[in-house]
Amino acid sequence: MRKGRSDDLKVLLIISIILSVSLAVSATVSEANALLKWKSTFTNQTSSSKLSSWVNPNSFCSSWYGVGCERNSIVRLNLTDTGIEGTFQDFPFSSLPNLTYVDLSMNSFSGTISPKWGQFTKLIYFDLSINQLVGEIPPELGDLSNLDTLHLVENKLNGSIPSEIGRLTKLHEIALYDNLLTGPIPSSFGNLTNLANLYLFINSLSGPIPSEIGNLTKLAELCLDRNNLSGSIPSSFGNLKNVTLLNMFANNLTGEIPPEIGNMTKLDTLSIHTNKLSGSIPSTLGNLKTIAILHLYGNQLSGSIPEELGGMEAMIDLEISENKLTGPVPNSFGKLTQLEWLFLRDNQLSGPIPPGVANSTELSVLQLDTNNFTGALPNTICRGGKLENLTLDNNLLEGPIPKSLKECKSLIRARFKGNSFSGDISESFGEYPTLNFIDLSNNKFHGTISPNWEKSQKLVAFILSNNNISGSIPPAIWNMTQLSQLDLSSNRITGELPDSISKLNRLSRLQLNNNQLSGKIPSGIRLLANLEYLDLSSNRFNFEIPATINTLPRLFYMNLSRNELDQTIPEGLTKLSQLQVLDLSYNQLDGEISSQFSNLQNLESLNISHNSLSGSIPSSFRVMLALIQIDVSFNNLSGPIPDNAAFRNATLKAFEGNKDLCGNGNSTQGLKPCPIVAKKSKKDRSLIIFILVPIIGAIIILAACAGIFICFRKRKQQQIDENSDSESGETLSIFSFDGKVRYQEIIKATGEFDSKYLIGTGGNGKVYKAKLPQGIMAVKKLNASTDSEISNPTVKQEFLNEIRALTEIRHRNVVKLFGFCSHRRNSFLVYEFMEKGSLRRVLENDDEAKVLDWVKRINVVKGVAHALSYMHHDRSPAIVHRDISSGNILLDENYEGKISDFGTAKLLKPDSSNWSAVAGTYGYVAPELAYAMKVTEKCDVYSFGVLTLEVIKGEHPGELVSTLSSSPPDKNLSLKGIIDHRLPEPTPEMNDQILEIVKVALLCLHTDPQSRPTMLSISTAFS
């Protein structure tokens, strides 16, 4: 009996095991089926090769990509960089109860983060970074009590950070950077005592930094930079003794730097630049013995530099420029023997430059300009031999240049201007094979210019103005064919200019004014095709102005005044179509003024005073609409002045000293009236009446018809500036399509700029998709700072003028700007909508990058080239985009590339307004902007070269740019390592096309802007 019972029990046990296994298998298969169901909602589910293994639900634990199991249940889901396009709306939240690890980063998930994610209480790792998620972070994530890592970076999440996150006491890392988050940093973060890394940078967080952050004693890296945080730095940060990286730059922080920061003894990097911090630099920072990077620039710090900073012996990069610091540079800086970058510029520092400031043999950059330093330049300045960037301008330095400066063979950029340096200029400087820019102006150098400067073969800007330099210009200078700027003005230079000046064919600025040069103006100047600025004034040039000077297509400024030039003004001057300023005053010019001067439609200022010109001023001057300043005084001119605003607004001083000038009723006060034409006879009057009556009658009839026509066409005129609508507060400034778009139509189409319509974010605002009666369009809502800047009346008029010009652009490879709408609550731009989004987005997506095959990629490159050529060469004035990058090239439904985002574009008027701050995307910006801030078409050419390599390679070329641009294109160049290997190997014919395009790209990357081709030549080659 016992044996029978025992057997029965065994049978029951076996059945029980079988049933439990069966149930377990059933449960786990249901998890697999749930994932398959979710996969079926992906818009590109069939194209993702990595998910092709998701087929058999019975083998999901062993063969499914990205799926990990324990005890036949899914615990790990790692689908990072899988190319998925989908949402979490149908994610199987209830079917995967044992998930501990979820990484869905680097995909194209859209929509919101579901609060149901909070159900996974076993979750340890959660990463949804680098997707297209919108909406707020659900507070339910605070229920993930076992979470160790939370990554939601590089999405479009908005709203505030939920305080419930502070309940996740097991967290070691939070990364929420590069989103659209607003509001304060929750004080509840002070509860996260296990936190090692907190990354909240590149958002719009505001309010003070919670002092509770000081409770996080295990914190190693804290990055709060590029937000709108305000208030002071909490003194509780002194408790963070394990922090190695602390970034809080580019906020609105105020108050003093707390001395407790000196307790953070493990700091490697402290960057709190570009805030509003005040007070002195605490001496306790000297306790930071391991710190390598200290950035305090761009604040309002005052007082002296503490001697204790010299104790930071591991320092590599010390930048405390742009403050209000006073007193001397501490001698203790001589202990900073590892220093590579030292920036002290733009303060009120005084005293001599201590010799120890250059004790570091690694010193590469030394910027001491715009202070009150006195005394001589230390002889140790080039001790390490690695100095590349030296700026000393705008100080009170004096004495000769130390001989040791000749040993600075690595110099790339040097600025000495605005001091009292003296000595013989020919003996003070050596040969610098890498030197690109040097400014020695406004000093007391004497002697002659050394011919050895020719050996500085990379020198682009050579500026020696306002010194006591004498003698003639050595012939070797005319061999410096890489020069873009030559300024020898305000010296005592003598001799004549030779025709060999024509060899400087890259020259854009030539300033030789205020010297003692004589002889003829050389005809070789006509060959300086890139010349934009020419000043030869206040010399002793004689003879005539060369008639061939008409071949300078870019010249906008010409000053030949105060010389001894004679004969007539050559007709060729009237062909310089870009000319804005022309000064020929104080010469001996004679003859009459040509009526062809009216061809100079860009001319703003004309001074031909103090000559011997005769005859009348041509009436054709009335059509010179750009003219705002005129001076014709002290000539032999007679007759009426033209009916032009510049003449009407001029003072009597601009006309005095002439023979017999007169004016009519609308002319300048003070000129005698012009003679009245004699009255006609009664017979003549009858004849005139007989002729005019029927003409006037016809005009009246035509005017009536025109009035009816104008009423009929009234709506068409809406493309011009609209009037304010007092009820809605709306001002529709400029629109290029027919019919008026109401402010409310935009608001309705974007759901009052709801995040669900958000399709992109740029430096000037956010871009939304809008369905309007005219079709689908992209609406860029300008951010508050940009809108505020535009509200300035002067700026606004300039802005509207640019928008008006941009709406006139008609090119198939330029995204159409329809117009600009201003309102008391919002201002926005309306653009053509592009279905495929940015080129960058397509290249980052494996599946879409494959669709963008070689034919399409070549067409994108050619399209951008044609568009840039159009903007540079077919527009007057030319338009420089200034931010050509893959993020600003949009693709239509046929993958045709179009240039977009003129947020940084500037209508080129080649004057001082172009010497502006660097604009553009990192990795695409031309290298010359590091030393000369002038934005030209060649900046776009360089960016085009980078973009072209990116299109061919499928990703930003990075270090490949410097590698390939360091030598000229090789005719045996191989595409190996350059082409995108996600695409099939190009055919031999296609391979040849790609090679030619890459060679053009390499020419565009030349470090010397004048050596780069024009976009016109590139476009022509691609046609």
Side-chain angles (χ1 to χ4, degrees), residues 31-55 57 60 64-67 74 77-93 95-96 102-114 116-117 127-135 152-157 179 750-751 754-761 767-771 775-778 833-853 856-857 860 886-887 889-897 954 980 982-983:
E31 292 181 17
N33 286 328
L35 282 180
L36 286 174
K37 183 177 180 182
W38 178 50
K39 179 194 171 188
S40 69
T41 66
F42 299 167
T43 56
N44 63 337
Q45 52 162 326
T46 58
S47 59
S48 177
S49 58
K50 292 181 179 179
L51 295 187
S52 60
S53 60
W54 285 26
V55 180
F60 68 96
W64 280 24
Y65 176 85
V67 173
I74 298 174
L77 192 59
N78 185 354
L79 302 180
T80 182
D81 196 15
T82 316
I84 299 172
E85 292 183 5
T87 69
F88 300 133
Q89 183 176 350
D90 297 301
F91 188 82
F93 294 101
S95 300
L96 304 173
V102 173
D103 188 346
L104 304 176
S105 62
M106 299 176 67
N107 285 291
S108 296
F109 285 110
S110 57
T112 60
I113 301 175
S114 171
K116 293 181 181 179
W117 284 109
D127 192 344
L128 303 181
S129 301
I130 315 179
N131 280 290
Q132 299 170 19
L133 300 171
V134 298
L152 303 175
V153 308
E154 291 189 46
N155 281 288
K156 301 170 185 176
L157 302 173
N179 277 289
T750 59
D754 192 299
S755 59
K756 70 181 180 181
Y757 295 101
L758 188 67
I759 57 175
T761 301
V767 183
Y768 299 82
K769 181 178 179 180
K771 290 185 178 180
I776 299 177
M777 297 181 188
F833 178 73
M834 300 293 287
E835 292 83 352
K836 297 297 181 181
S838 73
L839 174 63
R840 177 176 301 159
R841 188 195 71 81
V842 170
L843 290 176
E844 288 175 348
N845 185 298
D846 286 348
D847 297 321
E848 291 202 42
K850 293 173 184 175
V851 177
L852 194 67
D853 57 28
K856 292 186 178 73
R857 294 191 190 202
V860 167
S886 58
I889 306 301
L890 302 186
L891 305 176
D892 65 13
E893 59 183 351
N894 297 316
Y895 290 91
E896 184 165 7
D980 190 346
R982 292 174 295 182
L983 294 186

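- With rounding to the nearest 0.5 Å, the separation of NZ in K156 from CD1 in I759 is 7.5 Å.
- For E31 against I74, the heavy-atom pair with the smallest separation is OE1-N, 2.8 Å.
- A donor-acceptor pair under 3.5 Å links the side-chain atoms of N131 to the main chain of L104, judged by distance alone.
- F91 and W117 have tilted rings, their planes meeting at an angle from 30° to 60° on a 0 to 90° scale.
- Here CZ of F88 is found 10.5 Å from OG1 of T41. Values are rounded to the nearest 0.5 Å.
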| Check against side chain to side chain contact (heavy atoms under 4.5 Å, CB included), N845 and E85 | CA-CA 10 Å; N845 185 298; E85 292 183 5; 3.9 Å; yes

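- The two residues G897 and I889 make their nearest non-hydrogen contact at CA-CG2, 4.2 Å.
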| task | Could you give me the CA-CA distance, side-chain angles and deciding distance for F60 and L35, then say whether side chain to side chain contact (heavy atoms under 4.5 Å, CB included) is met? | result | CA-CA 10 Å; F60 68 96; L35 282 180; 6.0 Å; no

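- Summarising the local packing, CD of E835 is surrounded by more than 12 heavy atoms from other residues, nucleotides or ligands at distances under 6.0 Å.
- Taking both residues in full, the closest heavy atoms of L128 and L152 are given as CB-CD2, 3.9 Å, listed atom of the first, atom of the second, then distance.
- In this structure the side chain of L77 reaches within 4.5 angstrom of the side chain of V67, judged on heavy atoms.
- Note that OG1 of T82 and CG of N107 are 5.0 Å apart. Values are rounded to the nearest 0.5 Å.
- The aromatic rings of W54 and W64 lie parallel to each other, with less than 30° between the two planes, well short of the 60° mark.
- For L891 against L852, the heavy-atom pair with the smallest separation is CD1-CD1, 4.5 Å.
- For N894 (side chain) and E896 (main-chain N/O), no donor-acceptor pair under 3.5 Å exists by modelled atom type.
- Taking NZ of K756 as the reference point, atom OH of Y768 lies at 13.0 Å (rounded to 0.5 Å).
- Summarising the geometry, atom CZ belonging to R841 is positioned 8.0 Å from atom NZ belonging to K836; distances are rounded to the nearest 0.5 Å.
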| request: Could you give me the CA-CA distance, side-chain angles and deciding distance for T112 and V134, then say whether side chain to side chain contact (heavy atoms under 4.5 Å, CB included) is met? | output: CA-CA 5 Å; T112 60; V134 298; 4.3 Å; yes

| field | Stepwise side chain to side chain contact (heavy atoms under 4.5 Å, CB included) test for K39 and L51 | value | CA-CA 9 Å; K39 179 194 171 188; L51 295 187; 4.2 Å; yes

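- The CG atom of L133 lies 8.5 Å from the CZ atom of F109; values are rounded to the nearest 0.5 Å.
- Between the D892 side chain and the M834 main chain, no donor and acceptor come within less than 3.5 Å of each other.
- Contact detail for R857 and R982: the closest heavy-atom pair is NH2-NH2, 4.5 Å.
- Between the D980 side chain and the L843 main chain, no donor and acceptor come within less than 3.5 Å of each other.
- Taking the side chain as every heavy atom from C-beta outward, I113 and N155 never approach each other to under 4.5 Å.
- In plain terms, the two heavy atoms of S838 and G887 that are nearest each other are CB-O, 3.8 Å.
- A side-chain donor-acceptor contact under 3.5 Å links D127 to the backbone of S129.
- Looking at N78 and T80, their side chains never bring a donor and an acceptor atom within 3.5 Å of each other.
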